[in-house]
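Atoms considered below: every heavy atom in the structure, side chains included; atoms not considered: hydrogens, waters and symmetry mates. All chains are named by letter (A, B, ...) in the order of the sequence lines, taking the proteins before the strands, and each is independently numbered beginning at 1.
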Amino acid sequence: MAGKKQKRFSKPMFLGEYGFGTAFVHGNVITKLSAIIFGLGNILHKQIMRGLLYLALEAGYFIYMTSIGIKALQDLTTLGTKTQEEVFNEAKGIYEYVVGDNSMLCLLYGVVTLFVTAVFIAALTSSVKSAYDSQLRKELGKSIPNFVDDIKSLTNSKLQATLLAVPIIGVIAFTVVPLVFNIFIAFTNYDRDHQPPGNLFDWVGFDNFVAMFKTGGVLSNTFWPVFQWTIIWAVFATFTCYILGMLLAIVINREGTRFKGFWRFLFVLSIAVPQFVSLLTMRTIFNTNGPMNSLLRTLGVIDVTQSVPFLTDGSIAKITIICINIWIGVPFTMLSTTGILNNIPKDLYEAAKVDGANALVTFFKITLPYMLFITSPSLITAFVGNINNFNVIYLLTGGGPESIEYYYAGKTDLLVTWLYKLTITNKDYNLGSVIGIIVFVILATFSLLTYRRTASYKDEEGFQ
Amino acid sequence: MKTKKTGRTKKIITNSIVHIGLAILGFIWVLPIAFVILTSFRAEGGTYKSYIMPRGYTLDNYKNLFDQYGSLVFTKWLTNTMLVAIASCILATFFVLSVSYVLSRLRFRMRKKLLNIALILGMFPSFMSMIAVYYILKGFGFLESGQLKLVALVLVYSCGASLGFYIAKGFFDTLPRTIDEAAYIDGASKWKVFTKITIPLSKPIIVNTLLTSFMAPWVDYIFAKVILGQDRAYYTIAIGLWTMLEKEFAEYYYTTFFAGCVIISIPIVILFLFTQRFYVEGTAGAVKG
């Protein structure tokens, strides 16, 4: 592809600025052969160490493939064929388990093999490019870097490779591979009835997605209300905290307010307490027999025998959660907006004052638009974070009150807490993965739409 | 004259309303924290009480915390968390600095692609892949002993942190490029520029990264729970305290739990108030003009 595009350029390209296609098409026989025997071009151009490293990579890959890889790829397509069996051992007179295939491990090793193959392909293109580079240098009469030069370039022109190597390996091992593994699981029937090693699971195509959206099914009857509440929650949680936090910052920042530092400290204290502590405390306070209810009883707001179901009634719990979230979120906004508020040009306010605008008008016409302009990226992040806000829901209500109409979800469950329940508690891994993918699709669409908009904003060169 | 006077009384009235409002709000915001502290000194055991102010006060809950026997070993949890936090904050800071420096200052073929991939990865729910991580760690043999499990936690925390490079990258973006260019003209390599120029200019963001990644193990419990399982001696503080609220312990350990919360909150509060300054400086940019 890249080769086709760049064919119209004359042959000697700038060193280091060509893709695999160009290198392969324009390279000589040795360069082309470097795709089969890695490092050949380098070895022939006296870059022995570099060439041998490529060769070692290739050899390592083939050893891996013949010993484990090919079997792993086969298992990936079948996900195991031999079920664990109980066999009567006559010598001992007992039943023994004969180990069968483990679909989960088949899938995992399959995914790992796919990644190893990707590394192999990367090495292949790199080998050809490296050979082409040496070929070009020779043709142009430039010096060909030896191994010492290669090592030196790692601290200079190729510094990115040095610095990124370890973090990228870490992210691939602990984020990317698990993610791909879980995306694959969404297309299998890895649920509570198909648990390895006792049972095998198998590919089922899009069946899980169909079940999730089929009207009238118990899954779609759960999915839509939970989805709806997730969106409502995210919108309310984001905007209540944003607006109220900003108002608080404005009130503390205003001229007449004294002890500014003290007020700020009071509110910031709640951020500093670990979230699981403050949330569990809130849960205690709003318990049916907790301090809040007994306070209301003492004040005579409710009868002595009554209690407000703050966290046990579906609709009231939703309101309580949003209120508690205000307690948690407002100090964050206050902290992050204080600095920006001080940067709003003062003459804007003076002009408004001259025109006779009151506080409310100045807020909606000057402060809010300015803040929205500056903080829209962080607002988007906050919205995304709230859709994935596991802690608040899980620690406050655990998704409860439970509902019989739902499939293992409660009235206040978000998609993520439902995902948690499906995978950790119920072991319906396939459904959990489907939800994960849906959450991703929602967030990706949302971010694409909004980030574009903020980018076009940025072109306008600031707030005027 | 008269309008000025009414203007002043109006100002006094609004000011007092504002201060009273702030006092009420401040009271609401501090109340739950006060509840935690009061309960940690409560003399009566048992779980929920229908009153806020304890009937009697005691220090036994704190004493209880430190002379543990059986499976609830608070001091052990403290050291575990401390070790994990120190190791993972050093690794994570190293990762975050490398990644954000490379993506902010160096130009190479894959840069845009890597930025997009990081953005996409951030949109999947983070614990969707927890089960797979568990089996990968098991495959590497990390789950065979308690110490190795803690090493696994360090690895997972620090590798996860390297995706959170945005704040540091934003900081590096604000450093003037002319300094780098001047150094290149003088013949410095990119490594020299990174270690001798950029790092010394980045103290606020380094401190910020160190402290945020130091605090993560103190409050994370979902991941720690999945990895550490039933190995109570190797728990970190968050899941350890959480265990105290489990049905078999709650009746006896409820007040002790709150004492533990107070103890771990104190260093976090101090660290946080400390970072806050760096956080504001860090996002505002280091060198101006």
Interface moiety of Leu25(B) toward chain A, non-hydrogen atoms closer than 4.5 Å: both
Contacting moiety of Ser162(B), where chain A heavy atoms sit under 4.5 Å: side chain
Portion of Trp218(B) that has a non-hydrogen atom of chain A nearer than 4.5 angstrom: backbone
Side chain, backbone, both or neither of Val133(B) within contact of chain A (heavy atoms, under 4.5 Å): both
Backbone N/O of Thr255(B) and side chain of Arg42(B): donor-acceptor pair under 3.5 Å: no
Side chain, backbone, both or neither of Phe140(B) within contact of chain A (heavy atoms, under 4.5 Å): neither
Interchain contact, Leu280(A) with chain B, by part (heavy-atom threshold 4.5 Å): side chain
Segment of Phe165(B) engaging chain A (4.5 angstrom heavy-atom cut-off): neither
Region of Phe194(B) in contact with chain A, defined by heavy-atom distances below 4.5 Å: side chain
Atom group of Leu22(B) that falls short of 4.5 Å from chain A, counting heavy atoms: both
Side chain / backbone / both / neither for Ile437(A) at chain B, heavy atoms under 4.5 Å: both
Region of Ile270(B) that comes under 4.5 Å of a non-hydrogen atom in chain A: neither
Interchain contact, Ile266(B) with chain A, by part (heavy-atom threshold 4.5 Å): neither
Whether Tyr420(A) and Tyr394(A) hold their rings parallel, tilted or perpendicular, with breakpoints at 30° and 60°: perpendicular
Heavy-atom contact with chain A under 4.5 Å, split by part of Phe257(B): side chain
Toward chain A, the part of Ala161(B) with a non-hydrogen atom under 4.5 Å: neither
Main-chain N/O of Met110(B) paired to Gln160(A) side chain as donor or acceptor, under 3.5 Å: no
Side chain, backbone, both or neither of Ala23(B) within contact of chain A (heavy atoms, under 4.5 Å): both
Side-chain touch Met215(B)/Pro274(A), heavy atoms, less than 4.5 angstrom: no
Trace of the side chain to side chain contact (heavy atoms under 4.5 Å, CB included) decision for Leu164(A) with Phe108(B): CA-CA 12 Å; Leu164(A) 286 183; Phe108(B) 52 100; 4.1 Å; yes
